Engineer: 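The structure under discussion is supplied below as structure tokens; questions concerning it will follow.
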Amino acid sequence: MDEATSQWAFSCSPANFLRRLRRLADRLDQEPAENRHTRAVAGRRVCVEHVDDGMSWFNACIPTSEALAADRRLTATAKQMKKGDPAETRTIAQIRADLFPAWLRGVGTDRAAQTKVFVTIPVQLLDGAANTPGLPVPEAEIVGHGPIDPLTAKQLFLDTGVFRRVVVDPIRSVVIDMDRRSRCATPAQRDWLILQHGTCARDGCTRLALDADIDHRTPWAQGGKTNLDDLRPLCPRHHVDRHRTRAVYRSRPDGSVEVTTPTGFHSSAPPPEAHAARGATSRRDDAALVAPPF
């Protein structure tokens, strides 16, 4: 292979060199190509990587034929939109980037699955009081991920068809309790816990509370009640671990969960920065949630 590629390095562009190298490696590999492709297809997946400034990379490892077809459709549609609208100011790359999530979310169709993204937006950002002297600067955030800029927060508020008001009292530390006679938490209770925690309540777990199970601190079969003080989000893995192992899950006053194993190991409380992801309603010790709209 070294002998065959030594001349390419002087006469081929980097892209052409890599293309030739792949073809040569494919011919020299003793394993049939169909076997290698079948194994690779089994590992297909989608990954999301969050970066700075409220942006993320959305990557998919899929068969090349499907990736090329999707890429060409994005480009063709973007060019058509650019050509058909003289007032269009976006570049082809920007239009492609806008089309990609819109198609995945099923915008304009009735076949898309319904999903939720929880965003907390302080009312000060909406009424123009964000820069009031002497008051802390309010911050909007995507629950479980982190802060977003004020302009994006306002646009999300304007675009949404349904929003829920969360009242925060900066003086008192009173959480309104709510008792339920059924074992399962109501949708409103679940939404409230997601806003409070952001992620799985167990120490060190970063799985989103949006995908978690709702666990009773005191098991329902042992007299536990379905009220906010007795509920916490645990990801499916840790929910099973809590009920099927001898590990002891103990909730702290701030809502995080300490785990004690049969060997005596105690999990550590997350640093203060980790609690910021549990929602704007839990970032200040003197803040309290008042009258959730159940």
Side-chain angles (χ1 to χ4, degrees), residues 14-15 18 40 43-64 66-75 77-79 81-82 88-107 112-122 124-126 130 136-160 163 194-212 233 235-237 256 270-283:
L18 288 176
R44 61 192 182 277
R45 60 197 178 276
V46 173
C47 303
V48 178
E49 178 187 357
H50 304 295
V51 293
D52 297 333
D53 302 322
M55 302 295 286
S56 299
W57 284 103
F58 195 105
N59 305 307
C61 183
I62 57 177
T64 301
E66 296 185 13
L68 289 174
D71 181 66
R72 289 172 181 171
R73 186 189 179 201
L74 277 172
T75 300
T77 306
K79 289 181 177 179
M81 293 175 62
K82 183 76 172 178
E88 180 61 71
T89 60
R90 294 174 295 175
T91 65
I92 296 296
Q94 291 171 337
I95 297 176
R96 279 166 47 90
D98 293 340
L99 288 172
F100 180 73
W103 287 349
L104 283 177
R105 292 185 291 113
V107 174
Q114 297 299 312
T115 60
K116 291 182 179 180
V117 175
F118 284 81
V119 181
T120 59
I121 305 175
Q124 295 95 323
L125 289 180
L126 304 176
V137 178
E139 191 176 66
E141 69 174 52
I142 298 177
V143 176
H145 288 287
I148 56 177
D149 65 278
L151 183 61
T152 299
K154 292 177 183 179
Q155 190 62 51
L156 288 173
F157 183 82
L158 293 174
D159 291 342
T160 186
F163 65 91
I194 292 171
L195 288 171
Q196 280 187 306
H197 292 268
T199 61
C200 172
R202 186 200 186 280
D203 288 345
C205 185
T206 58
R207 295 288 298 274
L208 293 180
L210 185 64
D211 302 320
C235 69
R237 173 188 173 187
S256 61
E273 291 79 10
H275 290 294
R278 296 186 182 277
T281 54
S282 63
R283 278 178 285 172

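Throughout, numbering of the chain's residues begins at 1 and tracks the sequence. Quick caveat, the model's predicted, so the values are computed rather than measured.
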Engineer: Which atoms form the tightest heavy-atom contact between F58 and V46, and what is the distance?
Structural biologist: CE2-CG1, 3.4 Å
Engineer: Name all residues meeting the side chain to side chain donor-acceptor pair (under 3.5 Å) criterion together with S56; count only those two or more places apart in sequence or in a different chain, and write none if there are none.
Structural biologist: H50
Engineer: Let me confirm one number: the NZ-OG1 distance from K82 to T75, rounded to the nearest 0.5 Å.
Structural biologist: 14.0 Å
Engineer: Listed by chain and number, what are the side chain to side chain donor-acceptor pair (under 3.5 Å) partners of R207, not counting sequence neighbours?
Structural biologist: none
Engineer: Could you tell me which residues satisfy side chain to side chain donor-acceptor pair (under 3.5 Å) with D211, sequence neighbours excluded, listed by chain and number?
Structural biologist: none
Engineer: Are any non-hydrogen side-chain atoms of S256 and D203 less than 4.5 angstrom apart?
Structural biologist: yes
Engineer: How long is the span from the CZ atom in R237 to the SG atom in C200, to the nearest 0.5 Å?
Structural biologist: 10.0 Å
Engineer: Which heavy atom of A212 sits nearest to which heavy atom of P236, and what is that distance?
Structural biologist: CA-CD, 4.4 Å
Engineer: Considering all heavy atoms of both residues, which atom of T206 and which atom of T199 are nearest to each other, and what is their separation?
Structural biologist: O-CG2, 4.0 Å
Engineer: Please list, chain by chain and in numerical order, all residues satisfying side-chain contact (heavy atoms from CB on, under 4.5 Å) with R45, sequence neighbours excluded.
Structural biologist: C47, C61
Engineer: Residues two or more places apart in sequence or in another chain: which of them pass side-chain contact (heavy atoms from CB on, under 4.5 Å) with I62?
Structural biologist: A60, E66, A67
Engineer: How about R96 and D71: do any of their side-chain heavy atoms sit closer than 4.5 Å?
Structural biologist: yes
Engineer: Suppose we screen for side chain to side chain donor-acceptor pair (under 3.5 Å). Which residues come up paired with E88, at least two apart in sequence or across chains?
Structural biologist: R90
Engineer: Quick one: CD1 on I92 to CE on M81, what's the gap to the nearest 0.5 Å?
Structural biologist: 9.5 Å
